[in-house]
Protein chains: 2
Amino acid sequence: MSIRNPKLALYEQFAIVAKALGNPLRLELIEHLAQGSRSVEALAAKLGQPIANISQHLQALRRAGIVSAERDGKYVRYSLSDASVLSAFAAVRGIAERQLAEVDRIVRDCFEARDDIQPVTRGELQALMRDGLVTLIDVRPADEFALGHVPGAVNVPLGEVKAWSQGADPGREIVAYCRGPWCVMSFEAVAALRSLGHSVRRLEDGMPEWKAAGLPVEMAA
Amino acid sequence: MSIRNPKLALYEQFAIVAKALGNPLRLELIEHLAQGSRSVEALAAKLGQPIANISQHLQALRRAGIVSAERDGKYVRYSLSDASVLSAFAAVRGIAERQLAEVDRIVRDCFEARDDIQPVTRGELQALMRDGLVTLIDVRPADEFALGHVPGAVNVPLGEVKAWSQGADPGREIVAYCRGPWCVMSFEAVAALRSLGHSVRRLEDGMPEWKAAGLPVEMAA
DNA sequence: CCATCATTCAATAATTACATTGAATGACGA
DNA sequence: TCGTCATTCAATGTAATTATTGAATGATGG
C-alpha cells in the first residue's frame with residue numbers, strides 16, 4: 001500500500017507522540033519512570049490512582065513509543081524507551097515556564113515563597129562535594145533512592161527529615177534534591193530544615209536530569 | 001487563591017503545551033512558522049485549509065505559548081514565541097523515528113526509495129561551500145527563501161528545478177535543502193535532478209535547523 | 001495442570017477536540 | 001466617519017479522550 005501524503009502521514013505519527021505527552025497524569029508517570037522501571041501496581045500506588053486507569057495511560061504511552069514493557073515475574077515492568085523523552089519533557093516544560101502566565105502564578109504562590117534562594121547547579125554541587133563542604137540529602141522514598149542516587153548522597157525521605165536534622169551539625173550547609181525541578185519534596189525539605197535553623201539549598205533539578213547529563217550514579221548495595 | 005496540588009497544577013500547564021503539539025496540522029503550522037512569521041491567510045494558503053480552521057489552530061498554539069501574534073497593517077503576523085519549540089519538535093520527532101514502526105514504514109515506502117544516499121551534514125556542507133566544490137540550491141518557494149536562506153544558496157523552487165538544471169554543469173555536485181528533515185521538496189528535487197544525470201545529495205535537515213544551530217543566515221536584498 | 005493475582009479489556013457516561021459554516025469584529029485607509 | 005477586508009467568534013455535528021466499573025485474560029509458581 002502506498003501513501004498519498006507522506007508528510008501528513010509522518011506528522012500524524014509525530015502528533016501521536018506529542019498527544020501522549022499531553023496529559024498531566026501521563027507526565028507524572030514519565031517523571032516516576034525516569035527514576036527507574038516500575039510495575040503498574042507500584043505506579044498506581046505512587047500516583048494514588050486506580051490500577052486500570054494507570055494501565056490505560058501506560059498503554060497510551062506505549063503506543064506512542066514513550067515507554068516499553070517487559071515481564072518480570074508476576075509483574076510487568078514499564079520503563080522509558082527513549083532518551084529523548086526527557087529532552088521532550090524539558091523542552092515542553094521550558095516553553096510553559098517562559099510563556100504561560102499561569103505557571104508563573106503557580107510558582108509564585110507555591111514554590112518561590114518556600115525557597116527564594118538560588119538553587120545549586122549540578123556543577124557547583126560536584127565542586128562542593130569534592131571539597132567535602134556540604135551534606136547532600138536525597139529526600140525521595142527509599143525505593144527510588146535504591147534505584148540510583150547521586151554518589152555521596154544520604155537518603156532522608158521527607159517524613160524523616162525532622163528526626164534526621166537533630167543529629168546534623170547546624171553549622172554545615174545542606175543540599176537537598178528529589179525527583180525533578182518541580183517535585184515538591186525538596187521544597188518541603190528545605191522549608192522544614194530552614195525553620196529548624198539549618199542552612200539549606202535545593203539542587204536545581206533532580207535525579208533523572210543528573211543521570212541524563214551523564215554524571216555518575218550510585219546504586220544501593 | 002491558593003493551589004491545592006501545585007505539582008498537578010504545573011503538570012496540567014505542561015500538558016497544555018504538549019497537547020497543542022499533538023495535532024498534525026499544528027505541527028505543520030509550526031514548521032512553516034519556523035521559516036519566518038506569517039499571516040493567517042498566508043498559512044491557510046500554504047496548508048490548503050480554510051482560514052477559520054487555521055485561525056482556530058493558531059489560537060490553540062497561542063494559548064499554549066507556542067506562537068505569538070502581532071498586528072502588521074491589515075494582517076496579524078504569527079511567529080514562534082520560544083526557542084524551545086524547535087527542540088520540543090525535534091525530540092518528539094526523534095522518539096517517533098526511533099520507536100514507531102509506522103514511521104519506519106512510511107519512510108521506507110516514500111522517502112528511502114527516492115534517496116538512499118547518505119545526506120550531507122551541516123558541517124560537511126560548510127566545508128564544501130568554503131572550498132567552492134558544490135552548488136547549493138534552496139528548493140523552497142521564493143517567499144520563504146526571501147525570509148532567510150543559507151549564504152551562497154541559489155533559490156530554485158521545485159517547479160523550476162528541471163528548467164534550471166539545463167544550464168547547470170552536470171559534472172558539478174549539487175546539494176539541495178528545503179524546510180526540514182521530512183519536507184518532501186528536497187527529496188523530489190533530488191529525484192528529478194538525479195534522473196537528469198546530475199550528482200545530487202540532500203542536506204540532512206532544513207532552514208529552521210540551520211538557523212537554530214546558530215549558523216549564518218542571508219536575507220533577500 | 002490448576003489456582004492465583006497482576007494486568008488488561010470492555011462498556012459507560014461526561015467532557016473535550018475537531019472541521020465546517022456563516023456571521024461578527026475591529027483595525028486600517030480614505 | 002465609513003467601507004473594506006483580514007481575522008475571529010459562535011453554532012453545529014461528529015469524533016476522540018477520560019475516569020470508572022467490573023469482568024476477562026494470561027503468565028507464574030506450585
Side-chain angles (χ1 to χ4, degrees), chain A residues 5 8-9 11-30 32-33 37-64 66-79 81 102 143, chain B residues 5 8-9 11-30 32-33 37-79 102 143:
Chain A
N5 187 338
L8 192 64
Y11 278 33
E12 266 163 13
Q13 299 299 310
F14 302 165
I16 288 173
V17 176
K19 206 178 293 186
L21 295 172
N23 176 284
L25 229 57
R26 287 197 290 265
L27 288 177
E28 222 176 325
L29 282 172
I30 289 170
H32 281 280
L33 289 172
S37 68
R38 301 235 165 260
S39 69
V40 181
E41 192 180 40
L43 289 166
K46 295 247 179 212
L47 300 208
Q49 287 280 323
I51 290 180
N53 195 13
I54 295 299
S55 173
Q56 198 167 311
H57 281 299
L58 283 169
Q59 275 168 82
L61 288 170
R62 194 171 53 170
R63 277 193 300 274
I66 290 170
V67 308
S68 52
E70 71 175 324
R71 188 161 273 273
D72 174 22
K74 308 175 70 161
Y75 300 86
V76 175
R77 304 188 70 80
Y78 281 87
S79 50
S81 56
E102 180 67 11
D143 59 321
Chain B
N5 187 339
L8 192 64
Y11 278 34
E12 265 163 14
Q13 299 298 310
F14 302 165
I16 288 174
V17 176
K19 207 179 290 185
L21 295 172
N23 176 284
L25 231 55
R26 288 198 289 266
L27 288 177
E28 222 174 325
L29 282 173
I30 289 171
H32 281 280
L33 289 172
S37 68
R38 299 239 167 257
S39 69
V40 181
E41 193 180 40
L43 289 165
K46 295 248 177 212
L47 301 209
Q49 287 280 323
I51 290 180
N53 196 12
I54 294 299
S55 173
Q56 195 169 311
H57 281 299
L58 284 169
Q59 278 167 78
L61 288 170
R62 195 170 51 168
R63 277 193 298 274
I66 290 170
V67 308
S68 52
E70 72 175 323
R71 187 161 274 272
D72 174 22
K74 309 176 67 159
Y75 300 85
V76 175
R77 304 187 69 77
Y78 282 88
S79 51
E102 181 66 13
D143 60 322

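Chain naming here is simple, since letters A, B, ... match the order of the sequence lines and numbering starts at 1 in each.
Counting only heavy atoms from C-beta on, A/Ser39 has its side chain closest to C/dT7 among C/dT7, C/dA19, D/dA6. Across D/dT8, C/dA19, D/dT18, the shortest atom-to-atom separation from the side chain of B/His57 is found for C/dA19. The A/Ile51 side chain lies nearest to C/dT8 when the options are C/dT8, D/dT18, D/dT28. Ranking D/dT8, D/dA27, D/dT17 by closeness to the A/Arg71 side chain, first place goes to D/dA27.
The separation between B/Glu70 atom CD and D/dT7 atom P is 13 Å, rounded to whole Å. Distance A/Arg63 CZ to D/dT18 C1': 13 Å, rounded to the nearest Å. Separating the CG atom of B/Asp72 from the P atom of C/dG29 is a distance of 10 Å, rounded to the nearest angstrom. Nucleotide D/dA19 holds its C1' atom 11 Å from the CD1 atom of A/Ile54, rounded to whole Å. The NZ atom of A/Lys74 sits 11 Å away from the P atom of D/dT28 (whole-angstrom rounding). The interatomic distance linking B/Leu43 (CG) with D/dT8 (P) rounds to 11 Å, in whole Å. As a whole-Å value, the separation of B/Ile16 CD1 from D/dT17 P is 18 Å. A/Leu58 places its CG atom 15 Å from the C1' atom of D/dA19, with the value rounded to the nearest Å.
Of all heavy-atom pairs spanning B/Tyr78 and B/Ala69, the tightest one is CE2-CB, 3.5 Å. The two residues A/Ala20 and A/Ile66 come nearest to each other via the heavy atoms CB-CD1, 3.8 Å. Taking all atoms of both residues into account, the shortest heavy-atom contact from A/Tyr75 to A/Glu41 is CE2-OE1, 3.1 Å.
In this structure, A/Tyr75 does not reach the D/dG29 phosphate: none of its side-chain N or O atoms is under 4.0 Å from OP1 or OP2. Within the 4.0 Å cut-off from OP1 or OP2 of D/dT8, at least one side-chain nitrogen or oxygen of B/Ser55 is found. Proximity of A/Asn23 to the phosphate of D/dT18: a side-chain N or O atom is located under 4.0 Å from OP1 or OP2.
Heavy-atom nearest nucleotides on DNA chain C were determined for B/Lys19 and for A/Ala69, and the one closer to the 5' end corresponds to A/Ala69. Taking the nucleotide of DNA chain D with the nearest heavy atom to each of A/Gln56 and B/Glu41, the more 5' of the two is matched to B/Glu41.
Across all strands shown, A/Arg77 has no heavy atoms under 4.0 Å from either base or sugar-phosphate atoms. Residue B/Arg62 is out of contact with every strand shown, counting any heavy-atom pair closer than 4.0 Å. Contact annotation for A/Ala52: base contact, defined as any heavy-atom pair under 4.0 Å involving a base atom. Residue contacts shown for A/Gln59 are limited to sugar-phosphate atoms, with no base heavy atom under 4.0 Å away.
Between A/Val67 and A/Leu29, every side-chain heavy-atom pair lies at or beyond the 4.5 Å cut-off. With contacts defined as side-chain heavy-atom distances shorter than 4.5 Å, the pair B/His57/B/Asn53 qualifies.
Between the side chain of A/Arg77 and the backbone N or O of A/Ser37 there is at least one donor-acceptor pair closer than 3.5 Å.
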